[in-house]
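The figures that follow rest on heavy atoms only: side chains count, while hydrogens, waters and symmetry mates do not.
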Amino acid sequence: MTEVATASAAATGIAMATEKAAKELSPEEERVLIRDIALTAEANTKEGDSFFLITQKWWQHWIDYVNQDQQPNNSNNNEGSSSLSGNSDSNGVGISKRPSGIDNSDLISDGPAEDANSDDGVEIHDTLLEGRDYVLLPQQVWNLLFSWYGGGPALSRKVINSGLSQTEFAVEVYPLRLQLLVTPKGDRSTIRISKKETIGELHRGACEIFHLNLEQVISDVCIWDYYGHRKHALMNDMDKTLDDANIQMDQDILVEVLNNVNDTLVTDGTSITDNGFADKEATSVLLEPSKSSLSIAGGLSANKIASKGYSAEQLQNQTLGCPNKESDNHFGNSGVSTRGTFGGLTGLLNLGNTCFMNSAIQCLVHTPEFARYFREDYHQEINWQNPLGMVGELALAFGELLRKLWAPGRTPVAPRPFKAKLARFAPQFSGYNQHDSQELLAFLLDGLHEDLNRVKHKPYVNSRDADGRPDEEVADEYWANHIARNDSIIVDVCQGQYKSTLVCPVCNKVSVTFDPFMYLSLPLQFATTRSMTITIFTCDGSALPSTCTITVPKQGRYRDLIQAVSNACSLKQTEEIKLVEIRNHLIHRFLDDSFVSLSTIKDDDHLAAYKIQKSATGNVLLQLIHRRQEQETSDAQRWKPFGTPLISSLLCDDVIRSGVIQTIVQTMLTPLLKEGIEYSDDSDPSTSGMARDPSDHGSGEVDTNCASTSINKVLPKLPLQLVDESKTCIDLSAGDEKAINLSAMSHVVVYLDWTSKLLEKFNINYLENLPEVFKYGPITKKARTEPLSLYTCLEAFLREEPLVPEDMWYCPQCKEQRQASKKLDLWRLPEVLVIHLKRFSYSRSMKHKLYELYALTNHYGGMGSGHYTAHIKLLDENKWYNFDDSHISPINEEDVKSAAAYVLFYRRAKSDTSGTSSAGSRRARDKTSYKY
């Protein structure tokens with residue numbers, strides 16, 4: 001039969017049914033008629049069609065009623081239909097009784113509707129789930145049922161395009177609820193509007209609510225995306241949909257009136273605050289949105305509107321045929337996801353630096369064991385009296401959030417209720433600062449365990465030492481003691497067992513214990529060495545400055561760096577290295593404390609090393625600082641430092657002559673002289689352009705008893721100024737015999753003022769552009785190396801090592817605190833293995849694969865800040881997705897490989913199912929399984 005013929009037959013059936021009184025139709029006639037109409041409606045659904053919500057309780061009652069003739073006549077025919085208990089009469093035959101009028105009251109919110117845009121002023125509960133609380137029926141089906149049974153109220157919703165490709169049909173059960181704030185008056189209101197409506201429609205709706213002149217809306221009224229009470233974007237593209245504008249459920253919209261559009265809006269004498277709202281209304285404007293700020297709990301129904309509670313195929317093959325008991329289970333393996341689409345692609349809104357929380361929650365929510373558990377009735381396992389728990393509130397908040405994230409549809413959820421519970425029980429996560437996602441995960445797993453601990457009264461247990469007993473016996477004893485006090489879904493899924501071996505270094509006493517773990521926190525070292533670039537200067541005039549890159553231990557100290565530089569520059573026995581940090585062309589600090597950590601040197605620092613003669617008693621350091629004139633104003637210049645300072649060592653008594661300092665400075669600058677240039681010195685016309693042999697003097701150290709006129713004959717007199725202990729400048733260019741008292745000076749600072757004429761005589765580019773310690777540049781091709789693997793990290797974690805002195809072990813045999821050696825082994829592995837690490841790069845090879853990666857959190861940026869995301873594999877689809885707060889996008893499997901990986905979630909591989917229940921199969925017999 002063609003669709004046209006089917007539609008015609010259905011229309012004929014509707015007409016006949018409306019003419020025929022409902023009471024005259026048999027249950028079988030009602031079933032067949034509704035089935036045919038539903039099939040036709042589903043086949044012809046299009047955007048803009050209306051669907052109606054009907055309570056699951058009434059719908060199930062009607063399903064049982066129309067199928068009563070096909071049910072076997074026994075006392076157990078209503079088994080599994082607990083939702084009908086309210087309709088059953090005392091003799092147990094109420095299941096075949098014809099339903100009374102449709103009653104949607106249990107879908108209606110207790111409070112009044114918040115706006116005038118909802119259907120007939122009716123507002124439904126925020127937390128409804130399709131298949132559990134309601135089903136969606138095509139308009140034709142609703143009209144027919146309403147004509148037969150009456151009741152209501154009618155709850156109509158529109159069909160929209162949905163999905164990542166915008167090619168799927170879905171019912172928008174929860175249109176956007178937006179909080180409108182108008183300035184300058186400060187009034188507020190709430191509007192319900194489809195996310196597929198345009199910004200222009202929102203403009204018109206806002207103007208109608210606040211009685212603004214529609215003709216002036218474009219020029220005089222601006223509407224802003226006011227999420228979090230901040231102006232994010234001016235919404236002036238009238239044809240753009242609210243969905244494309246990323247407008248979220250329950251967010252604020254600012255209606256800004258620029259002129260006096262309506263005399264009733266802007267009144268005289270009202271003071272306007274900095275945030276644009278009138279003082280007298282400020283308190284109401286800043287209130288949080290009324291009701292909960294949840295995203296659409298029930299979400300959108302599935303592709304082609306087929307849901308678990310209602311689908312035409314079920315009407316034909318199951319629901320209206322012979323009932324299937326499994327259809328009554330709203331939280332089966334498929335959960336509340338609907339036919340034709342996969343659930344679990346709902347994002348979480350970032351409430352302000354809550355990406356750390358969102359990424360961890362998404363990984364837990366997409367753990368299959370948790371998804372099944374919290375979508376079923378877990379309330380009976382809540383431990384209301386556990387003093388270590390949160391009286392069940394954390395488990396309830398997490399369970400409700402998980403159900404919303406697995407509900408049909410993809411509109412992001414605002415996790416405010418969960419965040420509030422989290423802040424109540426863990427104040428460290430209150431506010432909107434960034435936190436560590438692993439710390440949150442640890443608290444959440446522990447808190448959920450205590451809230452869901454099946455042990456109501458914990459017995460006292462005493463674990464004995466091994467004392468030579470077999471490991472299997474001791475491990476089982478420890479595990480039994482643990483389970484006697486800790487038994488929850490968290491333990492079932494996430495907890496494993498360590499074997500801890502301690503050996504006394506004195507008496508060789510061996511102590512073996514078996515302790516539970518929730519996750520592995522693996523120590524990672526990205527690299528054991530560090531590259532550093534340093535410029536080396538010789539002070540004896542023997543060589544030009546040179547740059548070298550050396551390798552030092554990453555956790556090393558200054559002494560390691562000094563030694564590496566000494567080796568690189570072939571330091572002589574009579575020489576030493578002075579290492580300094582240069583900032584703003586001045587010496588910022590000397591790196592002379594051998595035991596200071598290299599971590600105090602940053603990659604963007606600038607370091608210089610100077611080869612000088614080893615110091616003797618009475619030696620002082622001479623620092624030569626270069627200056628040149630720079631234009632400061634249109635008619636003023638000043639001398640400013642430039643280039644890299646130079647250092648030399650002075651052998652002197654209490655007094656030094658200015659000519660000696662001239663000689664030392666000229667010696668240091670000799671390698672920078674340009675070749676082939678003749679010099680003329682006003683003080684000595686006989687000066688020549690030939691430099692002396694730099695070997696005439698020692699390495700930067702000058703004998704003050706020797707006349708050094710030979711240098712002055714080949715180099716010009718330099719404009720030097722010395723700063724003494726009283727901060728007085730002494731001109732060193734006027735005569736060589738000026739005596740300078742150095743008795744109170746630990747070092748000598750000399751300024752060389754470079755004139756433009758002097759700059760022409762030297763290659764000063766060697767003094768400029770001091771390189772950074774480590775420069776991040778374009779990635780170059782490197783030699784192929786083996787990537788860091790989980791196996792390598794796990795080996796480091798399990799390696800035997802001595803205890804730190806702060807964590808000494810009391811040896812029961814020596815009766816003393818001992819620094820014992822400790823060895824960890826993995827004994828019992830959980831179903832889901834959570835691995836915490838920091839920066840990580842890994843290969844995809846895996847030997848003897850016991851675990852499969854299905855989720856991970858990523859951290860980008862520095863510690864205490866940055867951003868968190870999650871990569872999650874939907875197992876039903878076998879596809880990876882990136883969860884970035886409210887934004888979800890598919891990714892390739894290769895994209896999962898990331899240096900930003902932080903917490904990894906592994907599921908036990910299902911390829912080998914033999915003996916999985918035995919304790920032995922849970923032992924970590926093959927550590928190579930962790931290589932990933």
For Trp142, side-chain hydrogen bond (donor to acceptor under 3.5 Å, both in side chains) partners two or more places apart:
none
Hits for salt bridge (Lys or Arg N to Asp or Glu O under 4.0 Å) against Glu381, two or more places apart or cross-chain, chain-then-number order -> Arg454
If the condition is side-chain hydrogen bond (donor to acceptor under 3.5 Å, both in side chains), which residues does Asn386 pass it with, not counting sequence neighbours?
Glu450
So the ring pair (Phe, Tyr, Trp, His ring centres under 6.0 Å) pairs with at least one residue in residues 344-364 (sequence neighbours excluded) are Phe356-His435
Can you name the one residue among Leu176, Ile253, Leu180 that meets side-chain contact (heavy atoms from CB on, under 4.5 Å) with Ile191?
Leu180
With no hydrogens and no angle check, is any side-chain donor or acceptor of His887 less than 3.5 Å from a backbone partner on Phe883?
no
By side-chain contact (heavy atoms from CB on, under 4.5 Å), which residues pair with Lys158, not counting sequence neighbours?
Ser50
Gap separating the CG atom of Leu254 from the CH2 atom of Trp224, nearest 0.5 angstrom
8.5 Å
Any donor-acceptor N/O pair, Arg192 side chain to Pro175 backbone, under 3.5 Å
yes
Salt bridge (Lys or Arg N to Asp or Glu O under 4.0 Å) with Glu256: which residues, sequence neighbours excluded?
Lys231
With Asp884, which residues qualify under salt bridge (Lys or Arg N to Asp or Glu O under 4.0 Å), at least two apart?
none
Go through the structure and list residues passing side-chain hydrogen bond (donor to acceptor under 3.5 Å, both in side chains) with Asn350, not counting sequence neighbours.
Thr354, Asp885
Mind checking side-chain contact (heavy atoms from CB on, under 4.5 Å) for Gln428 and listing every partner two or more places apart, or none if nothing turns up?
Ala426
Counting distance only, does the side-chain N/O of Glu393 pair as donor-acceptor with the main-chain N or O of Lys421 below 3.5 Å?
no
Donor-acceptor pair, Arg424 side chain versus Ala420 backbone, under 3.5 Å?
no
Quick one: salt bridge (Lys or Arg N to Asp or Glu O under 4.0 Å) partners of Glu439, sequence neighbours excluded?
none
For Glu201, does its backbone N or O pair with a side-chain atom of Thr198 as donor and acceptor, under 3.5 Å?
yes
Nearest 0.5 Å, please: how far is CG in Leu444 from CZ in Phe398?
6.0 Å
Find out whether Asp103 and Thr55 are in side-chain contact, i.e. whether some heavy atom of one side chain is under 4.5 Å from a heavy atom of the other.
no
Can you name the residues that form a side-chain contact (heavy atoms from CB on, under 4.5 Å) with Asp239, not counting sequence neighbours?
Asp237
Would you say the side-chain atoms of His871 pair up with the backbone N or O of Asn858, donor to acceptor, closer than 3.5 Å?
no
Could you work out, with side-chain hydrogen bond (donor to acceptor under 3.5 Å, both in side chains) as the rule, every residue matching Lys873, not counting sequence neighbours?
Asn878
Is there side-chain contact between Val182 and Val257, with heavy atoms separated by less than 4.5 Å?
yes
